[in-house]
Amino acid sequence: MSCDFLSLAQPGVQKLSPYVPGKPVDELARELDLDPASIVKLASNENPLGPSPKALEAIRAELAELTRYPDGNGFELKSRLAERYSVQADQVTLGNGSNDILELVARAYLAPGLNAVFSAHAFAVYPIATQAVGAQGKVVPAQDYGHDLEAMLAAIDGNTRVVFIANPNNPTGTWFGPQALSDFLARVPQNVLVVLDEAYIEYAEGSELPDGLDYLAQHANLLVSRTFSKAYGLAALRVGYAISSAQIADVLNRVRQPFNVNSLALAAACAALEDIDYLARSRQVNDAGMAQLEAGCRALGLRWIPSKGNFLCIDFARDTTAINQALLRAGVIVRPVAGYGMPDYLRVSIGLPEENARFLAVLAQVLSA
Ligand SMILES: *Cc1c(COP(=O)(O)O)cnc(C)c1O
């Protein structure tokens with residue numbers, strides 16, 4: 001008689017649903033017998049430019065050292081991040097993607113009996129990281145799909161140890177401004193760690209979004225997480241980082257895997273950080289693509305949620321399952337967000353001009369069929 005190993009899992013894990021990623025190009029190609037080269041994937045907020053040539057060069061230079069463990073302290077990357085952002089290197093925590101940072105926070109600060117507060121329609125990893133360690137997720141209803149920071153403050157109780165906020169948020173693209181952030185930080189109890197997830201902040205530079213790093217000096221309970229997966233174009237390598245007080249960084253360092261960031265990722269991230277031109281191009285392509293998608297949606301009579309990310313959540317005012325299926329059959333992969341409580345929306349990542357055009361053309365056909 002075999003045991004039921006689902007019921008043996010800790011209760012938080014039993015209630016979890018696995019993270020659903022965007023459909024990989026090769027998977028759709030296999031399913032529909034399509035040429036992978038004919039498929040457009042706008043489903044995972046990836047950088048459509050391909051990686052920085054400087055990052056590729058750094059990876060090639062590193063290959064001969066693959067027999068060695070990576071630098072477990074990430075000295076070079078931490079130093080460069082510290083210099084770039086005018087912080088101390090001991091305030092930097094490196095992660096296997098910024099996803100890893102979110103898990104480190106949960107492992108270090110959450111446990112059964114404690115809770116984390118986050119918004120409805122927020123990034124799917126917050127509930128996963130929280131429930132995986134047996135803590136409770138307190139989901140706060142959103143306001144116009146964005147974070148209701150007032151309501152999030154009100155949801156904090158004596159057992160709250162972490163608040164996750166994403167600016168801009170994925171999948172909604174919604175954001176809050178500097179005043180809202182400083183009001184929020186001023187009122188969060190000092191023993192509650194605020195994780196400000198800035199995965200898309202590089203796209204918003206110079207806009208009305210606050211730079212979380214500006215608030216670190218006044219708020220010892222703030223941690224800012226960022227990633228090389230989006231604007232820096234290195235999603236496959238899995239590298240992200242947090243900047244916090246040195247004390248919080250020390251705590252996270254105690255629970256992380258000794259070699260959590262691999263040597264190719266470390267080398268590529270150092271090079272990408274210096275490739276100012278690449279980042280500027282990423283932003284240009286994104287701004288132009290956003291305008292292109294918005295104009296296309298307007299022409300089709302569709303509404304969308306205004307976004308500061310590299311993606312757009314489009315409102316179809318009806319269940320999008322059939323529309324998504326039709327897009328897939330035409331070789332266009334976007335992201336259904338029913339799992340985020342948004343069954344009437346599809347999230348579309350900004351691609352190259354020709355990819356955006358292909359999506360809009362196929363969509364027009366699908367909607368008129
Ligand atoms: C993409 C994303 C991340 C993390 O991505 P990594 O690849 O793990 O660095 C974190 N937060 C949000 C809101 C994201 O959209």
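Counting starts at 1 for both ligands and their atoms, following the listed order. Values reported hereafter were calculated over all heavy atoms of this structure, with side chains retained and with hydrogens, waters and symmetry mates removed. Treat the numbers as computed from the prediction; the structure is a model and nothing was measured.
Checking only distances, Ser229 does come within under 3.5 Å of ligand 1, N or O to N or O. Not one N or O of Asn96 is nearer than 3.5 Å to an N or O of ligand 1, by distance alone.
Contact atoms of ligand 1 toward Ala199: 2 (C), 3 (C), 10 (C), 11 (N), 12 (C), 14 (C) (distance under 4.0 Å to a heavy atom of the residue). Those atoms of ligand 1 that come under 4.0 Å of a heavy atom in Arg238, given as number and element, are 6 (P), 7 (O), 8 (O). Within ligand 1, counting atoms from 1 as listed, the ones closer than 4.0 Å to a heavy atom of Asn99 are 8 (O). The contact set between ligand 1 and Asn170, taken as ligand atoms under 4.0 Å from a residue heavy atom, comprises 13 (C), 14 (C), 15 (O).
Ring geometry, Phe123 versus Tyr126: the interplanar angle exceeds 60°, so the pair is classed perpendicular (tilted spans 30 to 60°). Aromatic ring pairs are classed by plane angle as parallel below 30°, tilted from 30° to 60° and perpendicular above 60°; the pair Phe176 and His147 is tilted. Between Tyr241 and Tyr85, the angle of the ring planes stays under 30°, which puts this pair in the parallel group of the 30/60° scheme.
The closest approach between any non-hydrogen atom of Asp197 and ligand 1 is below 4.0 Å.
Looking only at protein heavy atoms, the nearest one to atom 9 (O) of ligand 1 is Thr227 OG1, 2.5 Å.
The distance from the CD atom of Glu198 to the CG atom of Asn167 is 7.0 Å, given to the nearest 0.5 Å.
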Side chain to side chain donor-acceptor pair (under 3.5 Å) between Asn324 and Thr321, intermediate numbers included: CA-CA 5 Å; Asn324 184 54; Thr321 309; over 6 Å; no

Step-by-step salt bridge (charged side-chain N to carboxylate O under 4.0 Å, His left out) determination, Glu76 to Arg80: CA-CA 6 Å; Glu76 188 64 29; Arg80 291 191 193 207; 2.9 Å; yes

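Among Phe164, Tyr200, Phe228, Tyr126, the residue whose heavy atom lies closest to atom 15 (O) of ligand 1 is Tyr200. Of the listed options Glu46, Lys230, Arg226, Lys230 places a heavy atom closest to atom 3 (C) of ligand 1.
The side-chain tip of Arg347 points at the ring of Phe311 from less than 6.0 angstrom away and within 45° of straight on.
The side-chain heavy atoms of Glu65 and Ser263, taken from C-beta on, include no pair separated by under 4.5 Å.
Counting heavy atoms under 4.0 Å from ligand 1, residue Ser98 touches it through both backbone and side chain.
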